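Every value quoted in this text rests on a predicted model; they were computed, and no experiment measured them. Values below: all heavy atoms of this structure, side chains included; hydrogens, waters and symmetry mates excluded.
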2 protein chains.
Amino acid sequence: MNAASFYAKAPKHLVAVDCIIFGFDEGRLKLLIMQRKVAPMAGEWSLVGGFVQEAESTDEAAARVLEHTTGLDDIYMNQLHCYGNVGRDTGARVISVAYYALIRIKNHDKPLAREHGAHWLELHEIPELIFDHAKMIEDALAALRNNAQFHPIGFELLPEKFTLSQLRSLYEEIYQKTLDKRNFRKKILSLDVMEKLEEKDKTSSKKGAHLYRFDPEKYEALRRKGLVFEI
Amino acid sequence: MNAASFYAKAPKHLVAVDCIIFGFDEGRLKLLIMQRKVAPMAGEWSLVGGFVQEAESTDEAAARVLEHTTGLDDIYMNQLHCYGNVGRDTGARVISVAYYALIRIKNHDKPLAREHGAHWLELHEIPELIFDHAKMIEDALAALRNNAQFHPIGFELLPEKFTLSQLRSLYEEIYQKTLDKRNFRKKILSLDVMEKLEEKDKTSSKKGAHLYRFDPEKYEALRRKGLVFEI
DNA sequence: ACAAAAGTGTTCGACGTACACCCATGG
DNA sequence: CCATGGGTGTACGTCGAACACTTTTGT
């Protein structure tokens, strides 16, 4: 077989990206979910997605879709899985590459999201979703939990400056279990990957809690020592 | 937009699967690599792959390609990652979903593999590969290491009956470090996921080593107790 | 008898876990 | 002055890591 017929003989497929977009607000982990605009399943709840174009990589397609919906262009994003079952999309055979993204809810363009019919919902509020999107969310949660345990990705969900209580409640939300306050502080501070700021946050206590900021250089130093970030 | 044009307007892509096939033989981790038959890059070294057809899922495509090359139809297989860069295949725009597979080298159809120009090579023998296949192997090794630490997948690479020495040398090969014989035995035996057989293997010692067999039911019992397999 | 791999226990340090009280301050 | 969340230290048990000698048997 020559090269031309090798490629020409192969079938072509619609390829989509779907994004599981995590946020953290009011102490709760949330997902950005939208109402689908086209048939079939128009009006049903769906993840944010789009088709991969000729001139873009799948990663770029996911970044484009994310920016289109949130207005943010520097989102932490990881490929989750490629969902390739034949009948998964009831409108056509579509192979979908799912990405999960972590965003700081405060930073995103709320009106833009609203324009697209997108809503932030807590995990237990998620309605029935089209196609295999519920499975995607389930897989994304598992991936988030695995990933958050050994990589400093939790910080992507918090404001740049945050208190230890906020950080702890984020991990409590991710793992769905309460963490001991003293042990958590000991652990995270011993890793020495955050800068302690002079500022205090007084919004949630009279005394005020110190603000911290994740320091990528400190994290790099930790890696260089051969140590592993672990919560 | 109506449904017809929503799907019709989207571009279609060639979608391939590429398989990183691991085996374990003579105490070494090996990969099944083949020489490409078509242009461009004909004659160059490549992973085993093929195009996803209309009527099959990506998983099915990978299983088909694996059976086609090895003659085996019950191979342990995991999706690795979807590689979607625009220029990754120099012959055409091809989106590739990579899978890694673990097989018992002894069981596969050697002549069939040879017919396809496939060869088992040790990790340090792998020549330069086409496209992004070297990156795929690198990623697959990382995934194998991660996965082998918490899931009993090492057994997929060994014969049904194996000695503790074989098992240990497999893990030493995967992690590329020597493991203490006593600690390894203590750890793996404490998990109680293997059946100790009466038979002994005398091929590698005068004294003979007991053979063991992985027992999926014992592993399930471990899981039910909420414990985690960890090496 | 000897070579070659199989098999076996103990000690030590590190780390995870459990747990309760004082501090600072705004209202 | 008191309610609220912030901040702190210790004791115990578990588990991973290091480490060396005896057993068996084919040649």
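In this entry the distance linking CD of B:E230 with P of D:dT14 reads 17 Å, nearest Å. For B:F184 and D:dC15, the CZ to C1' distance is 17 Å, given to the nearest whole Å. Distance B:L227 CG to D:dC15 C1': 14 Å, rounded to the nearest Å. Between B:R185 atom CZ and D:dG16 atom P there is a gap of 18 Å when expressed in whole angstrom units.
In this structure, a donor-acceptor pair under 3.5 Å is present between the side chains of B:D201 and B:T203. With 3.5 Å as the limit, one finds no donor-acceptor pair spanning the side chains of B:D74 and B:Y76. When only modelled atom types and interatomic distance are considered, B:D139 and B:Y83 share a side-chain donor-acceptor pair under 3.5 Å. A side-chain N or O of A:Y99 and one of A:T58 form a donor-acceptor pair less than 3.5 Å apart. Side-chain contact of A:N78 with A:Y100: a donor-acceptor pair under 3.5 Å is present, judged by distance alone.
The distance between the ring centers of A:H119 and A:W45 falls below 6.0 angstrom. For an aromatic pair to be called close, the ring centres must be under 6.0 Å apart, and B:H116 with B:H68 satisfies this. Proximity of the aromatic rings of A:F162 and A:F155 is defined here by a centroid distance below 6.0 angstrom, and this criterion is met.
If one axis is set at each end of the helix from C:dA1-D:dT27 to C:dG27-D:dC1 from five pairs, those axes are 0° apart, to 10°.
Every salt bridge (Lys or Arg N to Asp or Glu O under 4.0 Å) that B:D192 has, sequence neighbours left out, goes to B:K218. Shown here are the salt bridge (Lys or Arg N to Asp or Glu O under 4.0 Å) partners of A:E125, two or more places apart in sequence or in another chain: there are none.
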Item to complete: Give the C-alpha distance, both sets of side-chain angles, the deciding distance and a yes or no for side chain to side chain contact (heavy atoms under 4.5 Å, CB included) between B:E67 and B:L72.
Response: CA-CA 5 Å; B:E67 181 169 7; B:L72 299 172; over 6 Å; no
Worksheet item: How far apart are the C-alpha atoms of A:R64 and A:E60, what are their side-chain angles, what is the distance that settles it, and do they pass the salt bridge (charged side-chain N to carboxylate O under 4.0 Å, His left out) test?
Response: CA-CA 6 Å; A:R64 170 175 57 76; A:E60 286 160 357; over 6 Å; no
Item to complete: Encode nucleotides 17-27 of chain D as B, S and - characters from 5' to 3', where the letter depends on protein heavy atoms closer than 4.0 Å: B to the base, S only to sugar-phosphate, - to neither.
Response: BBBB--BBBS-
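Where DNA chain C meets chain A (any atom under 4.0 Å from a heavy atom), the bounding nucleotides read 5' to 3' are C:dG16 to C:dG26.
Near DNA chain C, meaning a heavy atom under 4.0 Å away, the residues from residues 162-176 of chain B are B:S165.
Inter-residue side-chain proximity for B:T163 and B:H210 is flagged as unmet; no heavy-atom pair is nearer than 4.5 Å.
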